[in-house]
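A quick write-up on the structure given underneath.
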Amino acid sequence: MNSILFTLITCAFFMGLVGWISYRKAKGQVNDSDGYFLAGRGLTGGFIAGSLLLTNLSAEQLIGLNGQAYRTNLSNMAWEVTAPIAVIIMALILLPKYLGGAFSTLPEFLSSRFDDGVRRYIVILFMLGYAFVTIPSVLYSGALAVLKLFDVPGLLGISFESSVWLVIWVIGIVGAIYAIFGGLKAVAVSDTLNGIGLLLVGLMIPIIGLAALGDGNFFEGFKTMATDHSEKLNAIGSADDSVPFSAIFTGMIFMNMFYWGTNQYVIQRALGAKNLAEGQKGVLFSGFYKLVVPILMMIPGVIAFHLYGGNLTTVDLAYPTMVTNLMPAIFSGLFLAVLLGAVFSSFNSLLNSAATMFALDVYKPGFKPNASDEQLIRISKYFGTLLALVSFIISPMLMNAPEGLWDIIRKFTGFFNIPIIAIVLVGIASKFVPPLGAKIAVIFHVVTYYMLVWGLNQWFGIEITMNFIHISAILFVIEVGIMLTVGYIRPLPRPYAFKHAPKVSMVPWKYAIPTSLLLLSLIVFTYIVFSPIGLAYPDAIVSNWFWLASGALIVVTGFALVLAMKKWEKNYDHVVGEHLKKAGNQ
């Protein structure tokens, strides 16, 4: 009881400290719409990267991915490790468009490129996804994480169901306070602080886990992990794994591009950048964080397999069991604080972004075009409060959902991620595709995706065995073809012309290109490490091919970096001069 009391007190202290610092940083900066929705367009790279990291990480990943590593291997790390590809596309291609047009939301950008009809289609897709699946699932998975790590029913003498309701409402209310009353700046600051804590505590678990595996010797534990059941460290997924290696090169690319390049609750941090250079720094730095995620979220699952074998009642207990058995009591409060911080981050980011879209993409264009900043902030707070209350009620109902909730959620996001990224990319690449093409693509996707993933089996008993990731890739190609065909048959009367009207400096980050090349190289290196020639090599810690492949990668990367820097150095001064010239003419 004393240890639980100590945990709660220290947790409250750390959470209170984060809240106080966030309040101080955001105080007086939420009085206008840019201040509330986009942090005054003043976020620096560090805050953007930290907020992106914690927005992306959730309790469900912390427990679920470690559970998958405990059960099978590291093939699921593809969702994390390949994300930097999408991050690079966001930083170099999409972000200059978003900031160049001073857009506050993705639907606003699509309204500018197409029309308000397309804007409404996309807002509806986002709102349905956020309200009925994404936000409730974040709260529910966070509540389960807390319940698995700490015996709330036993502590309070209430049932499991009552504990779920209680924890969801407590987490939800605290997170909503950040999002509704603090605006994006408070969210970004709290995310960054919690992100630092999550990295520190998250790295602690595999370190103490390997020490425990080696009977107090970290290196012996590492040797055991690398040589005993080394197949657990293989990230090259087979056709039987939930993420086949081939899926990396099909639908996963577009799913990650949607998430990192068009998903409002993620890109809103970058839209609040102080300038293009800081935005690119923040986005690209988050790519490096993603490469660390497997160490935090999958290696502990492998260690748990070695420590506990197959004795756990469910794979999702792998990470909580390690934390309960190995985490020093003095850090328990900090761990609970950053765990809740990860839940808060995903929840309040979703809430903040949904409120932003409602105010700027529904209320203002549809009901009150001349709404003042004060009215927009007020209506967004009302909507955010209503959406929070709805999610508090829906979330506990997920207790009745079938097993495999994580897979269902991913499949559900397939209803909107592929058509949105397809519309954005076509909108940028083509000047003649009309709004009709985008609308047809949305309707086609929703109906076809449902039929291929669920409908054919439910209605006609025809089961499509193809992985839904591959299905998404096929639909992406078809929908791009639909839009281009409509653009050929009924092109816009006048080609679309992008209106360059930035509110921040558009000088790019000088080292964006070499940083991107380094990120790509590290993705390849990560797969070399966690492959049959790396740590998954059965006869030793690594094979001789590992050193040959790593050496070749270093040479190729070094050569590419030298060429990139040499070419970019010649062009950078010219690019800066052009941007300064544009700024002077405005």
Side-chain angles (χ1 to χ4, degrees), residues 60-61 64 67-68 71-72 75-76 78-79 120-141 144 161 164 237-244 246-248 250-256 258-259 263 314-316 350 390-391 393-423 438-483:
E60 189 169 356
Q61 287 174 296
Q68 291 300 311
R71 182 177 67 86
T72 57
S75 58
N76 273 279
W79 291 105
R120 285 190 289 270
Y121 274 50
I122 300 305
V123 169
I124 290 171
L125 288 177
F126 270 130
M127 290 298 180
L128 290 176
Y130 285 2
F132 293 103
V133 175
T134 314
I135 295 178
S137 67
V138 164
L139 286 176
Y140 177 64
S141 62
L144 286 186
E161 290 76 12
V164 171
S238 68
D240 297 326
D241 287 312
S242 58
V243 181
S246 59
I248 296 173
T250 59
M252 187 172 290
I253 292 176
F254 306 117
M255 291 177 173
N256 276 330
F258 158 79
Y259 187 88
N263 197 347
T314 172
V315 298
D316 286 341
L350 283 160
V390 170
S391 66
I393 296 170
I394 294 175
S395 296
M397 296 180 184
L398 295 178
M399 284 187 288
N400 302 317
E403 293 185 5
L405 179 64
W406 175 252
D407 284 339
I408 290 175
I409 292 169
R410 288 192 170 187
K411 288 181 179 179
F412 184 88
T413 58
F415 274 113
F416 55 89
N417 56 15
I418 293 300
I420 290 176
I421 187 61
I423 290 170
K439 294 171 185 176
I440 293 175
V442 169
I443 296 172
F444 168 83
H445 179 89
V446 171
V447 174
T448 308
Y449 182 80
Y450 164 73
M451 293 302 296
L452 292 176
V453 177
W454 290 289
L456 288 176
N457 190 27
Q458 292 173 346
W459 291 89
F460 306 107
I462 302 173
E463 184 178 1
I464 304 296
T465 58
M466 180 183 295
N467 190 291
F468 77 97
I469 302 175
H470 294 315
I471 290 174
S472 296
I474 293 171
L475 290 180
F476 174 86
V477 174
I478 294 173
E479 286 149 28
V480 169
I482 288 173
M483 287 184 277

Determine the minimum heavy-atom distance between Met255 and Ser472, stating which atoms define it.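 Looking at all heavy atoms of both residues, the closest pair is CE-OG, 3.1 Å.
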Could you tell me which non-hydrogen atom of Trp79 sits nearest to which non-hydrogen atom of Asn256, and how far apart they are?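 Minimum heavy-atom contact is O-OD1, 3.7 Å.
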So [Y] and [X], do their side chains get closer than 4.5 Å, heavy atoms only?
X: Ile394; Y: Ile135; answer: no
X: Ile478; Y: Phe444; answer: yes
X: Leu452; Y: Leu475; answer: yes

Does [X] use its side chain to pair, donor to acceptor, with the backbone of [Y] at less than 3.5 Å?
X: Thr134; Y: Gly129; result: yes
X: His445; Y: Gly414; result: yes
X: Asp241; Y: Ser238; result: yes

Parallel, tilted or perpendicular, judged at 30° and 60°: which one describes the rings of [X] and [Y]?
X: Phe258; Y: Phe126; answer: parallel
X: Tyr449; Y: Phe415; answer: perpendicular
X: Phe254; Y: Phe476; answer: parallel

Can you tell me how far apart CD1 (Ile421) and CD1 (Ile253) are? Round to the nearest 0.5 Å.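 Between Ile421 CD1 and Ile253 CD1, I get 11.5 Å after rounding to 0.5 Å.
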Salt bridge (Lys or Arg N to Asp or Glu O under 4.0 Å) pairs, two or more places apart, involving residues 439-448: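 Counting only pairs at least two positions apart or across chains, the salt bridge (Lys or Arg N to Asp or Glu O under 4.0 Å) contacts touching residues 439-448 are Asp115-Lys439.
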